[in-house]
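Okay, so here's the structure we're looking at.
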Amino acid sequence: MALIQCKLGPGERTVGSDTYAFRVDEHGRAVAEVQNLAHQICFLSVEHYLIAPELANAPASEPQAVLDPDGAPPSPLAPPQPTATPVAPARRGKRRQG
């Protein structure tokens, strides 16, 4: 048996003649137990499904902010700086004959 997680959220999905109910678990994930190996392969062949990672039985907590080593919040990223000289757009129109 595999616990499959659906990244799209809760709902019912049918594979073959079986319908699987993806319900929110104590960790906030939409999961369903899938025993049929062929159905597991079908779900896992789609990018929206994965084998749910095993987590401790503690309830999900709020995400924690990442702090710098000195305890300060991270500074925002600076916008990327151009690395090459900008190129002028191509001119449209008649070509000069030389």
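As the structure is a computational prediction, the values presented were derived from the model and not from experiment.
- Contact between A21 and A32 at its shortest, heavy atoms only, is O-CB, 3.5 Å.
- The distance from atom NE2 of H48 to atom CD1 of I4, rounded to the nearest 0.5 Å, is 15.0 Å.
- V46 and L44 end up in the same hydrophobic cluster when Ile, Leu, Val, Met, Phe, Trp and Tyr side chains are linked at under 4.5 Å.
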(request) List the steps and the verdict of ring pair (Phe, Tyr, Trp, His ring centres under 6.0 Å) for Y49 and F22. (result) CA-CA 11 Å; Y49 298 92; F22 285 85; 5.6 Å; yes
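- The hydrophobic cluster around L37 extends to I41, counting ILVMFWY residues whose side-chain heavy atoms fall within less than 4.5 Å of a member.
- Residues R13 and C6 come closest through the heavy atom pair NH2-SG, 3.4 Å.
- Minimum interatomic distance between G9 and A30 (heavy atoms only, all atoms of both residues): C-CB, 3.3 Å.
- Listed by first and then second residue, the salt bridge (Lys or Arg N to Asp or Glu O under 4.0 Å) pairs involving residues 29-48 are D25-R29 (not counting sequence neighbours).
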(request) Start with the C-alpha distance between E12 and R23, add both sets of side-chain angles, then the distance that settles side chain to side chain contact (heavy atoms under 4.5 Å, CB included), and finish with yes or no. (result) CA-CA 9 Å; E12 292 186 350; R23 302 288 181 237; 3.5 Å; yes
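- Side-chain heavy atoms closer than 4.5 Å link hydrophobic residues (I, L, V, M, F, W, Y) into clusters, and following such links, even through other members, never connects V15 to L8.
- Through chains of ILVMFWY side-chain contacts below 4.5 Å, V31 is grouped with L3.
- At distances below 3.5 Å, at least one donor-acceptor pair connects side-chain atoms of Q40 with backbone N or O atoms of V34.
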